[in-house]
Each structure stands twice: as structure tokens, then as C-alpha cells.
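Right, one structure below, let's go through it.
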There are 2 protein chains.
Amino acid sequence: MAIEYKTRTQLVVEILREKILSGEIVAGQPLRQAALADELNVSRIPVREALLQLEAEGLVTFEPHKGASATELNLDQVDELFELRAMIEGDLLAASLVNISDEALAQATDILAKLDSALGKENAANTWSELNSDFHNCLYSGANRPQTADLVNILNKNADRYIRMHLLWAGGISKAGPEHAELLAFCQSRDIENAVAKLKQHILSSRDEIKAFLLQRESN
Amino acid sequence: MAIEYKTRTQLVVEILREKILSGEIVAGQPLRQAALADELNVSRIPVREALLQLEAEGLVTFEPHKGASATELNLDQVDELFELRAMIEGDLLAASLVNISDEALAQATDILAKLDSALGKENAANTWSELNSDFHNCLYSGANRPQTADLVNILNKNADRYIRMHLLWAGGISKAGPEHAELLAFCQSRDIENAVAKLKQHILSSRDEIKAFLLQRESN
DNA sequence: TTATAATGAATTGTATAAAATAAGCAATCA
DNA sequence: TGATTGCTTATTTTATACAATTCATTATAA
């Protein structure tokens, strides 16, 4: 297997993204370029460029001369983000199911099993979230819409933080397991209408749980 | 009115974006950092950061150690881009019409007049495209969905190059004028269903014209 | 006391210099 | 000749150094 070359900037992007998604860097927390450069043992230039890239993904907010911080979404923004996901992913799934291969569906079944068993284990939130993303991408693989898929992945990265947080603090998206199974069943029978409806409901119900959690935490 | 401070990076972003959208920088053309820095009288750092930002917008493609170039979309990608726009903008318009103010609609009427008169004039493509964007944003102003609006604007910047190109080389989106008028009429009567249908059809018909144009040019 | 201006430390933004990498071309070997 | 290797050059990537800006704090004046 060929090793792929990565620039320092790309490495910093990956490290910082993971720190934000995992919650190690908390939303709203200022990200000091010099401190990060020091910690990662690079100069400030790749750190700056990484922060800019993360800003484009929505995970970081930049203000000229004031610096960067991990983006903090309020309840309305969380709402909007999940609505957007429901719409776009619904459309993507519909397009995908027309052409989806049996291999992709088999793979999705596989991932689903891992997903269920991941819940109790160590580092559950991080593993779960990655598998969850794989599962959904697998179902969208028939669509052949690379730009839309990229967009979905960016939106998911933004949602991911909240999903992980919820998973970590409230013991998980309680209904995710059975919902995934139902969704996969509709996909397997190529029942586009029900599959899309289930997917949207799945995304929006996770939104509701997360919003409820955020609201409750806010009031403390 | 207070003038807003802009970093060199932001200025370079705006200049380069306009050059790409206007066609001065042709798709596929390599963007040499040193040459651009020299031309704009800044160092290479702000140029690099600007190119990274434009990459996030989809206008520029970066390859490590090889440099940046203006992104070139093939027919399928143009297709996907416009489909995505139709879906998201349709949804955004529906949400907007529920709350849209009479002022916004009046403003849209205003812009529409300017839009028609802009067609024959000098620099038609650039002015038209800006007004066109204003017109649509005006119609979406009632939605109160800032993240979705941002996304729409990014997608529009990608589509814009092709719209301007078509405007410039083929004398314009022939049906845009009457379509805009019809769309506005539906909006004024708060007829959500017809307005959304009209908008989608408007976006997709411009896609068809552009694809036909690209195909014809390709075969030469 | 309150408002405003001056000061300085912390931080970001930019320029320049150095290092790393890729691509083209000549030299070498089969 | 054809393929491969090593060198040269162009370009990008990164580091370091400096300039500009912000923010907090203190000093000054109304």
C-alpha cells in the first residue's frame, strides 16, 4: 500500500478537527495560534491555514485580529443544521436507492452490526460516530453525486459534535439502533418512499433529543 | 456609513473571486502564487490563504506541491450543482414565503426592473449576475435561515461562472426575464406551491441552456 | 466620580527567507 | 535505442521575524 503524503497543514487540520469533534476543544474556546503551533511543533503558518480550512467546514469561527474559536451553535442553528441534513440526505437517499448495489447494502448490514456492538465499549462516542457516518454514506453510495456527498459530509461534521456530546453525556441516541434497522429494511426492499421518510424522521428525532439535552443543560 | 476593515487576504479573495467569476481567470488555468503576489503587490502568504478560502468555496482546486487552479466542472458536475440549488432554494423559498415582508417584495420588484434594464448595457454579465443574486436573496429573506442562505450563496457562486459565461457568449438566459416576473407574481400572492415550482423550473431551465451551450462548445 | 486618553502586553497579520517537493532534462547503462 | 537514474530548476510549503491591531490597565482631566 502506497503511503500518502500529507502536508503539515493537512495534519494539523485532522488533529484539530478530531479535538473539536471529540469535545477536547470546547465550543467557544479561543484557539491561540502560537499555543497550538507550540503544542504541535509546527510554525504558526500551517496552524493558520488549518484554522482557515476548519472555518470553511464550519467548525471554527475566525475574526480578524481577534482570532479563532471553536464554533458554537445555538438552538436555532442546531435546528437549521438538522433540517438541512434531513432535506439533503433524504434527496440523496432517494437518488441512491434507484441504483444501489447489493454489495453496498450488504456492507451497510455489516456496519450496522458493528454499530450496535460499539455502544457499550470504550471510546463509544468516537467509534460510534465514525461507524454511523460510514453507514449513512454506504446507503448514499448509489447516488453518484460526489458534490452532494461532500456537502453532506461537511454538514455531518458539524452535527457530529452534538451527536457525540449527547452520546457521551446522556447515554446515547436512544432510538438510533432500531431506527437504523428499520431504515436498512426499507432500503433493502427498495421502498424509496418509506426509506426517505424513515431517514428524515431519524435525523429529526436525533435533533429533538439533542435540542432537549442542550436546553436542559442550558437551564442549569 | 462606516468603512469596514479588510485584511489583505480578504481583499485578495475578492479580487481573485471576481476574476474567476468574470472569466478573466479561465477554468483549469494554474494560479501561480508568486505571480499573483507580485501582481497584487502583497506577499505570498495572503495569496495562499485566499486560494485556500476559494478552494473551500469550490472555485479553486488545490494540489499539494503542484499549486492551485480555477476549478473546472464537467457536464455532470454542472448538472449536480443546479439540481442541488433547485432543491435547497426551493425549500428556502417555501420557508421564506410564510413570513416574507411586503418591503422585501417591493424591493424584489425594484431589483427586477434594474435586472431587465441591465441586459443590453455594458458589462451586462457582471451587473446582471449581481442583481440576479440580490433578487433571489431578497425572496429568501423571510426564511430566517442564515446557514442555509450562506450555503445557497456559495453554490450560486459556483453556478455563477457558468451563468455569466452563457450570458456573455450566447446572449443571455433567454427565458430568465419572464420567469422572474412570474416567480415574483406567485410570491406576491403568497402562492407557495406555484412559487416553488416556478423557482425550480427556472433554475433547471437555466441549467438546460447552459448544458446545451457547454456541449456545443465542447464539440467544436 | 466618571469619562477619556495613554500605555503596554498579548495576539494576530504579513513579509521575507529557508526548506521541501515535484517535474523536466541530461547522463548513464543495458 | 530505450529505460532508468541523478541532477537542475521551478514551485510550493514552512519557519522566522517584524508590523499592526486589540484589549486591558493605568493615568489624566472634566
Side-chain angles (χ1 to χ4, degrees), chain A residues 1-20 24-72 150, chain B residues 1-20 24-72 150:
Chain A
M1 178 184 157
I3 67 163
E4 59 181 313
Y5 175 83
K6 280 182 183 162
T7 62
R8 292 217 191 332
T9 298
Q10 289 170 313
L11 290 170
V12 175
V13 165
E14 288 173 20
I15 292 170
L16 289 183
R17 178 162 48 219
E18 186 49 34
K19 284 194 184 202
I20 294 174
E24 186 178 336
I25 291 175
V26 187
Q29 179 178 334
L31 300 166
R32 298 288 160 225
Q33 300 173 2
L36 291 171
D38 217 48
E39 180 189 334
L40 302 174
N41 210 23
V42 296
S43 79
R44 275 179 41 229
I45 298 293
V47 171
R48 280 181 63 80
E49 295 188 350
L51 290 173
L52 279 170
Q53 210 158 317
L54 290 168
E55 186 192 28
E57 292 179 16
L59 294 178
V60 157
T61 305
F62 235 97
E63 274 190 286
H65 288 116
K66 300 195 182 168
S69 58
T71 304
E72 194 157 24
D150 285 351
Chain B
M1 175 187 160
I3 66 165
E4 57 182 316
Y5 174 84
K6 282 179 183 166
T7 63
R8 290 211 194 317
T9 298
Q10 289 170 312
L11 290 171
V12 175
V13 165
E14 288 174 20
I15 292 171
L16 289 183
R17 178 161 50 218
E18 185 50 35
K19 285 193 182 203
I20 294 173
E24 187 179 337
I25 291 175
V26 187
Q29 180 180 332
L31 300 166
R32 298 285 158 230
Q33 299 174 1
L36 290 171
D38 218 48
E39 179 189 333
L40 301 174
N41 210 21
V42 295
S43 78
R44 289 198 309 287
I45 298 292
V47 171
R48 279 182 63 80
E49 295 190 349
L51 289 173
L52 279 168
Q53 209 157 317
L54 291 168
E55 187 192 28
E57 292 180 16
L59 293 178
V60 157
T61 305
F62 237 96
E63 275 189 283
H65 292 290
K66 298 193 183 168
S69 58
T71 305
E72 195 158 22
D150 284 350

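Remember, it's a predicted structure, so these values are computed and weren't measured experimentally. Throughout, a chain's letter reflects where its sequence line sits, starting with A, and its residues are numbered from 1.
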Counting the atoms with a prime plus P, OP1 and OP2 as sugar-phosphate, which does R44(A) contact under 4.0 Å by heavy atoms, base, sugar-phosphate, or nothing? base
If you assign N41(A) and A68(B) each to the DNA chain D nucleotide with the nearest heavy atom, which residue ends up on the more 5' nucleotide? A68(B)
Between CZ of R48(B) and OG1 of T9(A), what distance do you get to the nearest 0.5 Å? 6.5 Å
For I45(A) and dA17(D), give me the distance from atom CD1 to atom P, rounded to whole Å. 13 Å
Nearest-nucleotide check on DNA chain D, G67(B) vs H65(A); residue mapping nearer the 5' end is G67(B)
Atom-to-atom span, CD of Q53(A) to P of dT13(D) - whole angstrom: 11 Å
Base, sugar-phosphate, or nothing: which does L31(B) touch, judged by heavy atoms less than 4.0 Å apart? sugar-phosphate
Value for CZ (R17(A)) from CD1 (I25(A)), rounded to nearest 0.5 Å, stands at 12.5 Å
Atom CD of E63(A) and atom P of dA10(C) are separated, to the nearest Å, by 21 Å
Using a 4.0 Å heavy-atom cut-off, does R48(B) contact any base of the nucleic acid, only the sugar-phosphate backbone, or nothing at all? base
Closer than 3.5 angstrom, by distance alone: can the side chain of S69(B) be matched with the main-chain N or O of P30(B) as a donor-acceptor pair? no
Using atom CZ of R32(B) as one end and atom P of dA22(C) as the other, report the distance to the nearest whole Å. 14 Å
Would E57(B) and L54(B) satisfy side-chain contact (heavy atoms from CB on, under 4.5 Å), going step by step from the backbone distance to the final call? CA-CA 5 Å; E57(B) 292 180 16; L54(B) 291 168; 3.9 Å; yes
Without decimals, in angstroms, what is the distance between Q10(A) CD and dT13(D) C1'? 11 Å
Could you grab the distance from atom CD of Q10(B) to atom CD of E49(B), nearest 0.5 Å is fine? 10.5 Å
T9(B) side chain N/O closer than 4.0 Å to the phosphate oxygens (OP1, OP2) of dT14(C)? yes
May I have the distance from K66(B) (atom NZ) to dG24(C) (atom C1'), rounded to whole angstrom? 14 Å
Taking for each residue the nucleotide of DNA chain C with the nearest heavy atom, is it R8(A) or P64(A) whose nucleotide lies nearer the 5' end? P64(A)
Whole angstrom is fine here: how far is it from CD in Q33(B) over to P in dT14(D)? 11 Å
Whether S43(B) contacts dT14(C) is assessed here as follows: a side-chain N or O lying under 4.0 Å from the phosphate OP1 or OP2. Is that the case? no
From CD of E49(B) over to C1' of dT12(D), roughly how many Å is that when rounded to an integer? 15 Å
